[in-house]
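Written out below as structure tokens is the structure these notes cover.
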Amino acid sequence: MSSWGVVGVIARREVLVKLRDKAFLGTTVFLLLLVTAATVIPVLLQQRTPELRVAAQGEAAVAASRLAADLGGAAGEEDADDGSEVRVELALLGRGGLPAAEVEVVAVDEQTDVARMVRGGDVDAAVVGESLEELRLLGGEGVPVEIELLVSAASGRLQVAAAAEEQGLDAADVAALTDPAPPTVVLLDALPSGSVPPELLVLAFAFLFYLSVLTFGMSIAQSVVEEKQSRVVELLVAAVPVRALLAGKVIGNTAMAVGQVAVIVGGGLVGAALAGQGPVVEQLLAASGWFVLFFVLGFVMLAGLWAVGGSLAARVEDLQSTTVVMQVLVILPFFAAIFAMDPGPTQRLLSYVPVTAPLLMPARVVLGNAEPWEPVVAALVVLGTAVALVLLAARLYEGSVLHTSGRLRVGQAWRHR
Amino acid sequence: MAQELTLAGVTRTFGDRTALDDVGFTVRPGRMTGFIGANGAGKTTAMRIVMGVLAPDSGEVTFDGRPLTLEVRRTFGYMPEERGLYPRMRVAEQLVHLGRVHGLGAQAARRRTHELLERLGLADRADDALQSLSLGNQQRVQVAAALVHDPVLLVLDEPFSGLDPIAVDAMAEHLRERSAAGVPVLFSSHQLELVERLCDDVVLLHQGRVLAAGEAGELRRRRAGRRLRLVVDPFPDERAPAAEGAPTGLAAFLEQVPGVSLHAHDGRTVVVDLAEDADDQALLAQAQAHGAVRELTPVVPTLAEIFREAVR
């Protein structure tokens, strides 16, 4: 049997063990649900147009409220028509910067105690006033922002229209005044944008990478120390080159880690597709290419060292201390990725440092501040480091995996062959 | 198939302690070789060197006249001193995995696993996690792990330790079967009676050196030296004892034979050691004068006796 055949056999066992591991299955299902919920729920929330009731008392108040209701309805329709072109920040707002809302106007007479209606929750707010100049907006603890914006706009338009009419302008002039055409925005250095803020995407991927490397890294270390502690390793090294053993473990666990991430991201995509968010799916797919590549490279780069963390230990109890360096190597890049979210020299530098590159370089691609050649260079840097670290890991692993009587230091593992 | 395992001049040190010092012996095909020695004598180290788990400082291990490589070792069956299999893995999956690690194809590994579990009476536990089995059954799985790939050589470190007498017999049966099929078997044990019963050849290791190696019966005869057991029925008229406390009549006559010293006596049976130049025929003549000689045999020491004497 070729040594790759042996590597395959070893890797297969790692996969098999993982597939039987209830904790692994549980975590995967949990993350899958979490991600699906995280994609579907905001989409559902975002789609809903608020339904609001407003009490109107007085002639001007009724007129302003009715116009506000019309404006809110019109904004909602425009929003639905070309939602994909609306900037994320303005997703709530329709053309002309007005929020979409279904406003129901309840006209009440002078005797009605509107304050009581508002306090009682009968209506969300009340508009009171006989003249446009003296309109008052009554709210309980606050006035819903949609109502405030819509009523202000309606009141403004009615006043402009009244003033224009006094000046003798015709209906077309009045329309031009009250509903001016907004400028078309043209961005010279457009950042990629989508239905999901890119920062959120970066965070989500960073978190997945962090979680995946930490749990799978620990599981590689455990798998190694289990073989040491149970002495199976002595049977194995009599039949298999130590390096093949290491390679099988790294490959098997990498496959499972990538598979888990694929399932989770796939769950997110399916969720988004089911929620009818085509643009989100496209955005995720476009972003995931570099993330997946860097994920694999970053994972392999550290996987060998996790195995060394396991082989330096003699018992499972030693793992905490032998893998502490590894944990730091995973946690630091995670926080670096969060704190270096804003473009700048720090982010540029860290996106080339091997341990932070797997998070920050794809982040820069998604955030749109990386030249096309930059991820290629960073990928090569990570690949080179991965090769070096795997070779280092192989030597340390060879030097320590048969040493079963106590925990070792790195220096001892290096010297002992 | 004249495939034999040979160690020649194997030396290994750990720090300033010499675990093996110029060790050489041969494990022959179709024969069971017992590896005996006190704790710390170097048996496990020697076996680990054979299996490539440790490297010798100097010396050579060959199989079928060729130096050992991983490819060759993969065809060996090994039971390490410290038992070890994956505790949480299912029994059958574990054996299939180990079979494949040792170079079997998936089909063959499954077939062999099935056969072995059937033979070891573990077929109904095939899908249980190893750790849920009793220690004795775990030991049986360990045996299966050493046999699953139909090894051409067996190296077993203390295969009998921790087994009940019935399991010992079953294990012995297995080993004899493999051996009869032409497989050289090397196993270590502290149960010397068992080694005596099972082994064709013996290697006695003491403080890293081979004290004795070779065919077990020959070894015992060679170690027998000139100790003889004599059974005599004394003639009635010569029965009268001398003074109180003096040797009885049976023993007293021995003093008349030059170069004979009394080792033990029990009524009509005496055990004597002959000096290099002493004549056993003179002893016989004396004995016949003393009574009717029923038996005169060289005393062959047991392995246990040789062992104790050697390591003293």
Side-chain angles (χ1 to χ4, degrees), chain A residues 1-24 219 222-249 252 314-316 398-406 412 415-417, chain B residues 14-15 44 47-55 68-90 92-106 108-109 127 129-131 138 141-142 144-146 148-149 151 153-157:
Chain A
M1 185 166 48
S2 69
S3 47
W4 281 111
V6 179
V7 171
V9 170
I10 303 284
R12 192 178 155 275
R13 196 196 83 88
E14 295 293 322
V15 170
L16 204 73
V17 166
K18 266 283 165 235
L19 287 178
R20 289 262 166 73
D21 183 355
K22 291 198 179 68
F24 166 75
S219 105
Q222 267 167 0
S223 154
V224 171
V225 81
E226 188 195 18
E227 280 174 3
K228 276 188 84 173
Q229 196 170 3
S230 71
R231 317 293 192 211
V232 188
V233 69
E234 204 171 321
L235 269 183
L236 296 176
V237 296
V240 175
V242 172
R243 279 164 190 246
L245 205 57
L246 180 66
K249 276 187 191 304
R315 297 165 303 143
V316 174
E398 275 183 317
S400 54
V401 75
L402 281 170
H403 185 98
T404 50
S405 56
Q412 292 171 293
R415 284 188 301 273
H416 185 92
R417 297 212 66 174
Chain B
F14 293 105
T44 295
M47 288 179 151
R48 284 181 164 175
I49 285 173
V50 170
M51 292 312 297
V53 176
L54 284 176
L68 292 186
T69 61
L70 195 70
E71 298 305 313
V72 177
R73 285 190 176 108
R74 191 171 288 158
T75 62
F76 293 177
Y78 179 40
M79 190 190 245
E81 176 193 34
E82 294 187 80
R83 306 289 179 247
L85 293 171
Y86 296 102
R88 287 195 296 268
M89 212 173 166
R90 296 179 185 186
E93 266 170 19
Q94 177 139 231
L95 291 175
V96 170
H97 174 67
L98 288 172
R100 300 206 58 192
V101 162
H102 284 89
L104 290 187
D127 289 329
L130 180 85
Q131 61 186 3
Q138 289 191 25
V141 178
Q142 191 86 43
V148 68
H149 52 289
L153 168 79
L154 278 174
V155 177
L156 312 168
D157 205 345

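Letters go in sequence order (proteins before strands), and every chain restarts at 1.
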Considering only heavy atoms, which portion of B:Met51 lies under 4.5 Å from any heavy atom of chain A: side chain, backbone, both, or neither?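 It is both, since atoms from each part get that close.
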Side chain, backbone, both or neither: which part of B:Leu98 has a heavy atom under 4.5 Å from chain A?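 The side chain, not the backbone.
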Which residues satisfy the side-chain hydrogen bond (donor to acceptor under 3.5 Å, both in side chains) test with B:Gln94, sequence neighbours excluded?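 Residues passing side-chain hydrogen bond (donor to acceptor under 3.5 Å, both in side chains) with B:Gln94: none at all.
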Sequence-distant partners of A:Arg20, side-chain hydrogen bond (donor to acceptor under 3.5 Å, both in side chains), two or more places apart: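 For A:Arg20 the side-chain hydrogen bond (donor to acceptor under 3.5 Å, both in side chains) partners, ignoring immediate neighbours, are B:Glu93.
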Separation of A:Leu16 CG from B:Arg90 CZ (nearest 0.5 Å):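 It is 8.5 Å, given to the nearest 0.5 Å.
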Quick check for you: to the nearest 0.5 Å, what is the distance between A:Leu235 atom CG and B:Tyr86 atom OH?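 Answer rounded to 0.5 Å: 9.0 Å.
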Write down the atom of [X], the atom of [Y], and the distance for their closest heavy-atom approach.
| X | Y | result |
| --- | --- | --- |
| A:Glu226 | B:Pro87 | OE2-CD, 3.6 Å |
| B:Val101 | A:Ala239 | CG1-CB, 3.9 Å |
| B:His97 | A:Ile10 | CE1-CA, 4.2 Å |

Given side chains that start at C-beta, do those of A:Val6 and B:Arg74 come closer than 4.5 Å, heavy atoms only?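 Touching, per the 4.5 Å side-chain cut-off.
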Using non-hydrogen atoms and a 4.5 Å limit, figure out which bit of A:Glu234 sits close to chain B: side chain, backbone, both or neither.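 For A:Glu234, backbone and side chain are both near chain B.
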